[in-house]
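Accompanying notes for the structure given below.
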Number of protein chains: 2
Amino acid sequence: MAIAAMVQNASPVRKALYVRSVREATVAQCPTACSSCTLHSTCLPCGLQQTDDSMDELVYSRRRIHRGEHLYRAGDPFKFLYAFRSGFFKTYIDTPEGQTQVTAFPMAGDVLGLDGIETDKHRVSTVALEDGEVCMIPFAHFQAVALRSPALLHQMHRMMSREIMREHSVMALLGGMRAESRVATFLLALSEKFAGRGYSAMQFNLRMTREDIGSYLGLKLETVSRVLSRFQATNLIKANLRSIEIVDMTGLKSLVPEL
Amino acid sequence: MAIAAMVQNASPVRKALYVRSVREATVAQCPTACSSCTLHSTCLPCGLQQTDDSMDELVYSRRRIHRGEHLYRAGDPFKFLYAFRSGFFKTYIDTPEGQTQVTAFPMAGDVLGLDGIETDKHRVSTVALEDGEVCMIPFAHFQAVALRSPALLHQMHRMMSREIMREHSVMALLGGMRAESRVATFLLALSEKFAGRGYSAMQFNLRMTREDIGSYLGLKLETVSRVLSRFQATNLIKANLRSIEIVDMTGLKSLVPEL
DNA sequence: CGGGGATTTGACACATATCAAGAGCGGTGG
DNA sequence: CCACCGCTCTTGATATGTGTCAAATCCCCG
């Protein structure tokens, strides 16, 4: 794959093309510059001035990824940061015993790959649970740009800091809460995340299996299933397979110890 | 023991002097420049060339801290990075319900405070479990220096990346392992950390209570106590209150699922 | 030397894991 | 289009690990 200068060619015309024909646009490299991306407010360059064109130099290529496909695997060399434009993913670590621990469920607007900095290799694997598209940001290039753009650098630091805090929350969740609280926390976090992306906070579809949820929450899949059934029986939610509808939001929230 | 040598020739009197200019203050305040600090290899400036004097501009002041004293509390404004020179600490989050979740046990050579970047406020509290000394690095100044020193910047990124990976490990630990494995993992991690600082890997003193350990591992203090007793009964360790001696290192390691 | 906190240990309760069976959904190929 | 097959999900019975409550001892600190 040739990584050449193609970024500046981005135009509104191309964007329209992207909307109509996904594959065509993909071939044409970057149909949408970061500065005109609809995810601009949540994505990496958030906080940069519109006039700061350094953000548009970041993304060299995009990649479409299909369900079940890996974006990268643990051990792969760390070359890119990945900014998700669409789709739904899971990141996980697996132990030699074959056990896997799901560590996150990234989706559109999230940025991934910062785990690889220390060792120059990815330490987690990332797989798509739903077809999506991801912006690939060459990290070496990113660093160079960041040196000229303190705002971008600071944004990156905020992102890493946020990731550390997110994991602190998960640690607290795994460490101290019982099954019902864990699942309630999970559902509410998902609801909030969907809401932040413009989707419904009250009704959404899970893209992961009960086993994935269980792994993430430190529970067995049967326990997750049972808790969801119990939530349904007490009229907190309506659950049918992957479809979730939150019926009693305050009731759910009352199960969460607190932030 | 390298640590013994590194310890403070710093006098409280010196601390009275305060910052005038960067270089002046650095020279006046810091009895030991970063470039000559014995923790140089593990601390923040690790990776910088000896000839790179930017590292010596970082530390404005030191602070001695006594057992039970807080370095900072959740909610405090984020102004400094803290590089520990000696002592033993714990970081924790507490929920409104009064529960607390211990998130780490930092010690000499560790750097703390990166959690505050995102919100400009610290999100965890840090308290000393043992008297110690800490280098205070003004973060705003650090950023300025880092912009001129790509090596320092990269080092910072590595540190944040490592913290993220460390938390991934803890998540895996909390999520999937049973009590014996958790405690074994904890003891081995501690042993390794002590060894890395020049202390014995086979015999050391815990600085934290059973409750602290339990909180960190997602267990109750009684469970921690029972597991330690069981380890002693099976001749894996000798435990007497805070004193721990590892008798059968390989036996202990066999209890840890992962690599 | 006294007292409060830390630790250990026991008995018991309970939440979650484990084992097992069956049903439902979705993809695939005839 | 239908039938099949595999995977996911649900639900039940049981096992077990860990939490809870309680009491005694020990240690450290003032």
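Labels below follow one simple rule: chain letters A, B, ... track the order of the sequence lines, proteins then strands, and each chain is numbered from 1.
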Nearest whole Å is fine: how far is [N] [atom2] from [X] [atom1]?
X	N	atom1	atom2	answer
B:Gln99	D:dG19	CD	P	13 Å
A:Arg178	C:dT16	CZ	C1'	11 Å
B:Arg210	C:dA6	CZ	P	12 Å
B:Asp212	C:dT7	CG	C1'	13 Å
B:Arg207	C:dA6	CZ	P	18 Å

Item to check | Partner residues of A:Ser243 under the side-chain hydrogen bond (donor to acceptor under 3.5 Å, both in side chains) criterion, sequence neighbours left out | outcome: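 For A:Ser243 the side-chain hydrogen bond (donor to acceptor under 3.5 Å, both in side chains) partners, ignoring immediate neighbours, are A:Gln203.
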
Checklist entry - Partners of A:Tyr82 by side-chain hydrogen bond (donor to acceptor under 3.5 Å, both in side chains), sequence neighbours excluded? => result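 A:Tyr82: no side-chain hydrogen bond (donor to acceptor under 3.5 Å, both in side chains) contacts found.
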
Item to check | Sequence-distant partners of A:His168, ring pair (Phe, Tyr, Trp, His ring centres under 6.0 Å), two or more places apart | outcome: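 Counting only residues at least two positions away or on another chain, A:His168 forms no ring pair (Phe, Tyr, Trp, His ring centres under 6.0 Å).
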
Checklist entry - Does CZ in B:Arg242 sit with more than 12 non-hydrogen atoms of other residues, nucleotides or ligands closer than 6.0 Å? => result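 More than 12 heavy atoms, drawn from other residues, nucleotides or ligands, come within 6.0 Å of this atom.
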
Item to check | Exceeds 12 heavy-atom contacts within 6.0 angstrom, atom CD of B:Gln232 | outcome: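 Buried by this count: over 12 neighbours within 6.0 Å.
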
Item to check | Reference residue B:Arg182; test side-chain contact (heavy atoms from CB on, under 4.5 Å); the match among B:Val224, B:Leu173, B:Val170 | outcome: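 Considering B:Val224, B:Leu173, B:Val170, a side-chain contact (heavy atoms from CB on, under 4.5 Å) with B:Arg182 is found only for B:Leu173.
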
Quiz: residues 188-198 of chain A side-chain donor-acceptor pairs under 3.5 angstrom, not counting sequence neighbours:
unit_1   : atom_1 : unit_2   : atom_2 : d
A:Ser191 : OG     : A:Ala201 : O      : 2.7
A:Lys193 : NZ     : A:Phe105 : O      : 3.3
A:Lys193 : NZ     : A:Asp110 : OD2    : 2.9
A:Arg197 : NE     : A:Ala108 : O      : 2.3
A:Arg197 : NH2    : A:Ala108 : O      : 3.0
A:Arg197 : NH2    : A:Asp110 : OD1    : 3.1

Checklist entry - Going by heavy atoms closer than 4.0 Å, what residues in residues 214-227 of chain B are next to DNA chain D? => result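 Within this stretch, B:Gly218, B:Leu219, B:Lys220, B:Glu222, B:Thr223, B:Arg226 sit under 4.0 Å of the strand.
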
Next on the checklist: Rounded to the nearest 0.5 Å, what separates atom CG in B:Asp115 from atom CZ in B:Arg123?
Outcome noted: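 Between B:Asp115 CG and B:Arg123 CZ, I get 8.5 Å after rounding to 0.5 Å.
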
Item to check | Spatial distance of atom CG (A:Asp248) from atom NZ (A:Lys253) [nearest 0.5 Å] | outcome: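 The CG atom of A:Asp248 sits 10.5 Å away from the NZ atom of A:Lys253.
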
Checklist entry - Does A:Leu221 offer a backbone N or O that forms a donor-acceptor pair with the side chain of A:Ser225 under 3.5 Å? => result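 Flag not set: sc A:Ser225 to bb A:Leu221 has no pair under 3.5 Å.
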
Item to check | Close residues, residues 239-247 of chain B, relative to DNA chain C [heavy-atom separation under 4.0 Å] | outcome: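 DNA chain C contact set from residues 239-247 of chain B: B:Leu241, B:Arg242.
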
Checklist entry - Looking at residues 230-237 of chain B, who's got a heavy atom less than 4.0 Å off DNA chain C? => result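 Residues of residues 230-237 of chain B under 4.0 Å from DNA chain C: none.
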
Next on the checklist: Could you work out, with side-chain contact (heavy atoms from CB on, under 4.5 Å) as the rule, every residue matching A:Ser254, not counting sequence neighbours?
Outcome noted: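 Testing A:Ser254 for side-chain contact (heavy atoms from CB on, under 4.5 Å), a comparison that skips the adjacent residues, returns none.
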
Item to check | Any residue meeting side-chain contact (heavy atoms from CB on, under 4.5 Å) with A:Ala128, in chain and number order, not counting sequence neighbours | outcome: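 Testing A:Ala128 for side-chain contact (heavy atoms from CB on, under 4.5 Å), a comparison that skips the adjacent residues, returns A:Ile65, A:Phe89.
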
Next on the checklist: At 10 degrees resolution, what angle do the end axes of the helix from C:dC1-D:dG30 to C:dG30-D:dC1 form when each is taken over five base pairs?
Outcome noted: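 About 50° separates the two local helix axes.
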
Next on the checklist: Run the salt bridge (charged side-chain N to carboxylate O under 4.0 Å, His left out) test against B:Glu163 and tell me which residues pass, sequence neighbours left out.
Outcome noted: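 Partners of B:Glu163 by the salt bridge (charged side-chain N to carboxylate O under 4.0 Å, His left out) criterion, ordered by chain and then number, come out as B:Arg166.
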
Checklist entry - Between the side chains of B:Thr126 and B:Tyr72, does any donor sit under 3.5 Å from an acceptor? => result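 There is such a pair (donor and acceptor under 3.5 Å, judged by atom type) between the side chains of B:Thr126 and B:Tyr72.
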
Item to check | Closest non-hydrogen atom pair between B:Leu71 and B:Arg63, with its separation | outcome: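 The pair with the smallest heavy-atom distance is O-NH1, 3.3 Å.
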
What does the list of N/O pairs under 3.5 Å between the protein and nucleotides 28-30 of chain D look like, with a distance for each?
unit_1 : atom_1 : unit_2  : atom_2 : d
D:dC29 : OP1    : B:Arg67 : NH2    : 3.0

